[in-house]
Amino acid sequence: MNEGFFTEPSQLQAYCNKKYELLPDFKDTNLFTNDQTSDNQAGTDPVDFFLPQRIKVAATGSYNRQGHLRDCNRLLYYALENIQKGELEDTRETQQYIGEIYFFRAYIYFEYLRKFGDFPIIKSELSADDYAANVEANKRKPRNKVARFILEDLNEAIARLLPRSNNLTNHRLNRECAYLFKSRVALYEASWETYHQGTARVPGGPGWPGGTFNGNLNTEIDFFLTEAMASAKEVAEAIQISDKIEDYMNMFNQYDLSSNKEVLLWRMYSADAKVNSLVEGNYHSIYNENGEGCVGQGGGYTRSMVETFLTTNGLPIYAPENTEYKGDKSIPDVMENRDLRLVESTFKPGDMVWRGGNMDQDGRMVYANLLQAYQNLSRTATGYLVRKGWRDSNVAPADNSPLAYMIFRASEAYLNYMEADYMKNKNLDDYSKKYWRALRKRAGVSENFQKTIDATDLSKENDLAVWSGSQMIDKTLYNIRRERRCEFIAEGMRKDDLLRWRSLDKMKNYQTEGFNWQEYQKEPYYVKQLAAGLVVSNSKYLRPHFANELIITNNGYNFEEANYLTPISYDVFRLSTPEKGGNISTSVVYQNPGWPVGANQYALQ
């Protein structure tokens with residue numbers, strides 16, 4: 001593989017192409033249902049992650065990206081060496097591919113950082129025959145050093161990747177992606193170190209298993225916030241987002257996103273090549289005999305998610321002076337005068353669902369199906385059906401289509417900058433204000449964010465993100481978090497945010513809820529479903545998991561703090577004892593806080 005290889009840009013390209021499988025893909029992750037692992041959306045079953053004594057230490061598999069990591073280290077070593085030796089021409093194309101590999105190594109390490117925190121930093125290819133070298137390489141480094149290493153790799157990527165405007169980056173990583181991703185990593189680490197400070201999950205914290213920490217955590221936090229702002233600004237200043245809600249929705253319902261200025265990277269599918277997904281067709285699941293308009297696609301937004309959105313006047317729904325909010329007796333009432341990101345991303349009565357195979361039918365939503373297998377439909381968990389990603393087409397419910405997958409978009413840079421700015425400076429500079437107004441303008445919400453801040457009562461917010469640990473945050477910071485939640489509706493970003501903000505400490509006896517069942521149960525349609533076997537909770541709001549034994553036993557979700565970090569699998573300890581086959585108590589690797597060393601064991605209580 002190495003002798004005579006990595007001497008042509010085309011060889012580097014082929015190697016890089018394989019790494020694009022690391023990026024999100026509909027075959028692994030449905031972008032629009034991924035938030036079912038958070039408080040934003042719910043599936044029909046509860047999530048083990050939020051329940052005590054459900055996650056176990058795995059026997060194997062923690063370091064599941066090591067093959068990809070080895071490939072990255074191999075290419076970087078030989079490509080850079082071959083350039084020095086004159087055996088690989090140092091062209092812009094060559095540097096583009098080297099930049100991509102630096103990006104992918106950073107991408108792998110960020111996945112590891114989010115899961116495990118402290119982690120070994122491996123920059124060279126290791127030989128399986130050298131046991132001692134592998135044991136040494138297995139030693140975990142403090143998470144702040146891992147994060148700094150990721151930023152160093154992204155700096156290398158930024159120096160080499162061509163901008164999006166260059167033809168060579170068509171359907172490939174570009175410089176703007178690296179800047180955006182750098183801001184994401186830096187903000188993640190800054191907020192983790194800020195809000196988890198004083199726990200064993202941060203280097204130097206009480207009970208931290210990593211030994212002595214010589215750094216200064218506040219210095220580290222300031223460094224990462226500064227980096228987050230600088231990187232985000234590179235993207236935010238270069239790309240002005242559209243002020244039309246259609247352009248927002250069109251980032252998620254097209255086959256081709258190449259003309260969309262806001263999308264930095266997207267995954268292309270092809271009907272001809274039979275590389276497709278079932279995502280588009282799933283949105284077209286409707287039973288419309290006798291005009292029933294019964295829609296079923298599984299899942300749905302939670303009441304907490306829906307209530308976070310403002311009305312168009314910029315006020316929270318509970319504000320005494322808010323005459324725009326019409327209450328939640330029905331979905332149309334909930335959606336009237338609301339943030340357009342909610343309105344357009346949710347199916348409402350009267351919305352077109354599917355016109356049929358010949359585009360000659362009028363399949364509009366009337367009701368959300370709540371009874372599994374009713375008219376062969378999936379049931380919605382909450383009553384608030386996801387519409388983001390819906391496309392007006394003749395694709396049948398069980399058919400494939402080449403719907404594009406949006407991976408990186410510029411408005412994330414706006415949000416990353418705002419949050420980092422406020423965390424670092426405790427106020428908002430002119431850039432933050434400009435970005436915030438732009439996001440709200442497109443959402444059809446008053447651009448006067450100060451009006452929102454002034455009207456916010458944190459005790460009335462139905463949102464875990466008002467908390468970091470046991471501390472309630474201030475109103476400005478909460479509204480920055482609100483903006484992020486609303487902008488990223490149905491994009492799978494929420495779980496990472498709750499983890500880095502340490503907002504799950506307050507997930508105690510937590511009941512997931514949907515729409516106002518007290519009102520909807522009176523509808524003849526739901527009376528019919530009740531007669532056909534629908535069983536629901538005796539509560540004002542629909543509770544999709546009320547009958548689940550785990551939810552009953554635990555009185556709702558109760559998050560175990562050990563789950564902030566993933567336990568390291570048993571094989572890692574077994575393969576890192578100084579003496580091969582030695583007692584695992586001698587392993588150079590330490591387990592994450594709250595977890596035992598041993599396969600199939602639950603978190604310590």
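Everything numeric here is computed off the predicted structure, so don't read it as measured data.
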Review point. Is the charged tip of Arg148 near the ring of Phe223: under 6.0 Å from the six-membered ring centre and within 45° of its axis?
Key: yes
Revision key, fill the gap. Shortest non-hydrogen pair, Tyr112 vs Arg65, comes out as OH-N, 2.7 Å
Practice item. State whether Asp463 and Arg482 are salt-bridged, where the test is any N-O pair (Lys NZ or Arg NE/NH1/NH2 against Asp/Glu carboxylate O) under 4.0 Å. Key: no
Check your understanding: How far does OH of Tyr478 sit from CG of Asp457, to the nearest 0.5 angstrom?
Key -> 11.0 Å
Check your understanding: Under 6.0 Å from the six-membered ring centre of Tyr195 and within 45° of its axis: does the NZ or CZ of Arg481 meet both?
Key -> yes
Check your understanding: Taking the side chain from Asp118 and the backbone from Arg143, do they hold a donor-acceptor pair closer than 3.5 Å?
Key -> yes
Check your understanding: Is there a donor-acceptor contact under 3.5 Å from the side chain of Trp192 to the main chain of Gly117?
Key -> no
Check your understanding: Of all heavy-atom pairs between Arg485 and Ser304, which one has the smallest distance, and what is that distance?
Key -> NH2-OG, 3.0 Å
Review point. Could you go step by step and tell me if Arg140 and Asn592 meet the side-chain contact (heavy atoms from CB on, under 4.5 Å) rule?
Key: CA-CA 11 Å; Arg140 299 173 71 183; Asn592 273 328; 2.8 Å; yes
Exercise for review: Enter the distance from Cys486:SG to Asn40:CG here, rounded to the nearest 0.5 Å.
Suggested key: 9.0 Å
Check your understanding: Will you find, in the side chains of Thr311 and Asn322, an N or O donor that is under 3.5 Å from an N or O acceptor?
Key -> yes
Practice item. Please check if the distance between the ring centroids of Tyr510 and Phe559 is under 6.0 Å. Key: no
Exercise for review: Of all the heavy-atom pairs spanning Gln591 and Ile568, show the shortest one and how long it is.
Suggested key: OE1-N, 2.8 Å
Point to revise | Residue pair Asp421 / Tyr435, side-chain donor-acceptor N/O under 3.5 Å | key: no
Review point. Are more than 12 heavy atoms from other residues, nucleotides or ligands located less than 6.0 Å from atom NZ of Lys451?
Key: yes
Review point. Is there side-chain contact between Phe213 and Val202, with at least one heavy-atom pair below 4.5 Å?
Key: no
Practice item. Kindly give the heavy-atom pair with the smallest separation between Ala42 and Pro544, and that separation in Å. Key: CB-CG, 4.4 Å
Review point. Which value, rounded to the nearest 0.5 Å, describes the distance between Leu113 atom CG and Ile108 atom CD1?
Key: 13.5 Å
Review point. Which word best sums up how the rings of Tyr526 and Phe515 line up, parallel for under 30°, tilted for 30 to 60°, or perpendicular for over 60°?
Key: perpendicular
Point to revise | Check ion pair Arg201-Glu561 (N to O, under 4.0 angstrom) | key: yes
Study note, to complete from the structure: All heavy atoms of Asp39 vs all of Thr302, minimum pair found to be O-OG1, 2.6 Å
Check your understanding: Tyr367 and Tyr520: aromatic ring centres closer than 6.0 Å?
Key -> no
Exercise for review: Begin with the C-alpha distance, continue with both residues' side-chain angles, and end with the deciding distance and a verdict on side-chain contact (heavy atoms from CB on, under 4.5 Å) for Phe488 and Leu415.
Suggested key: CA-CA 10 Å; Phe488 290 140; Leu415 290 155; 3.8 Å; yes
Point to revise | Under 3.5 Å donor-acceptor, Lys388 side chain and Ile489 backbone | key: yes
Check your understanding: About how many Å separate CG of Leu385 and CD of Gln297, when rounded to the nearest 0.5 Å?
Key -> 4.5 Å
Check your understanding: Distance only, no hydrogens: is a donor on one side chain within 3.5 Å (strictly under) of an acceptor on the other, for Asn479 and Trp436?
Key -> no
Review point. Do Ser539 and Phe546 come close enough that some side-chain heavy atom pair is under 4.5 Å?
Key: no
Exercise for review: Please round to the nearest 0.5 Å and tell me the distance separating atom CG of Asn462 and atom CE of Met305.
Suggested key: 12.0 Å
Practice item. May I ask you to check whether Thr577 and Thr586 show a side-chain donor-acceptor distance below 3.5 Å? Key: no
Exercise for review: Check whether more than 12 heavy atoms from other residues, nucleotides or ligands sit under 6.0 Å from atom CG of Asn538, and answer yes or no.
Suggested key: no
Practice item. Check whether the side chains of Gln529 and Asn369 place a donor and an acceptor atom closer than 3.5 Å, and report yes or no. Key: yes
Revision key, fill the gap. Tested for side chain to side chain contact (heavy atoms under 4.5 Å, CB included) against Leu498, the lone hit among Arg500, Lys495, Arg502, Arg494 is Arg494
Practice item. Report yes or no: is the cationic atom of Arg184 (NZ for Lys, CZ for Arg) closer than 6.0 Å to the six-membered ring centre of Tyr188, at no more than 45° off its axis? Key: no
Exercise for review: Would you check if Leu499 and Arg114 make a side-chain contact, meaning some heavy-atom pair closer than 4.5 Å?
Suggested key: no
Practice item. Determine the sole option in Phe149, Phe116, Tyr63 for which the ring pair (Phe, Tyr, Trp, His ring centres under 6.0 Å) test with Tyr109 is passed. Key: Phe149
Exercise for review: State plainly whether the residues Glu491 and Arg484 are in salt-bridge range, i.e. N to O under 4.0 Å.
Suggested key: no
**Study point:** Spacing of Glu412 atom CD and Phe181 atom CZ [to the nearest 0.5 Å]
**Key:** 9.0 Å
Point to revise | Arg54 and Asn563 side chains, donor-acceptor separation under 3.5 Å | key: no
Check your understanding: When the aromatic ring centroids of Tyr301 and Tyr384 are compared, is their separation below 6.0 Å?
Key -> no
**Study point:** Polar side chain donor-acceptor pair, Gln372 to Thr44, under 3.5 angstrom
**Key:** no
Exercise for review: Using the side-chain contact (heavy atoms from CB on, under 4.5 Å) rule, take Ser470 and Asp505 through it: C-alpha gap first, then chi angles, then the decisive distance, then the call.
Suggested key: CA-CA 7 Å; Ser470 59; Asp505 283 27; 5.8 Å; no
Exercise for review: Could you tell me whether the side chain of Gln41 and the main chain of Phe32 form a donor-acceptor pair under 3.5 Å?
Suggested key: yes
Practice item. Give a yes or no on this: more than 12 heavy atoms of other residues, nucleotides or ligands lie within 6.0 Å of atom NZ of Lys508. Key: yes
Practice item. Output yes when a side-chain donor or acceptor of Tyr374 lies under 3.5 Å from a complementary backbone atom of Gly296, and no otherwise. Key: no
Check your understanding: Checking salt bridge (Lys or Arg N to Asp or Glu O under 4.0 Å) for the pair Lys145/Glu220: CA distance, chi angles, key distance, verdict?
Key -> CA-CA 9 Å; Lys145 288 192 175 177; Glu220 292 298 294; over 6 Å; no
Review point. Where do Leu439 and Met418 land on the side-chain contact (heavy atoms from CB on, under 4.5 Å) test, with the steps shown first?
Key: CA-CA 11 Å; Leu439 291 164; Met418 287 160 50; 4.1 Å; yes
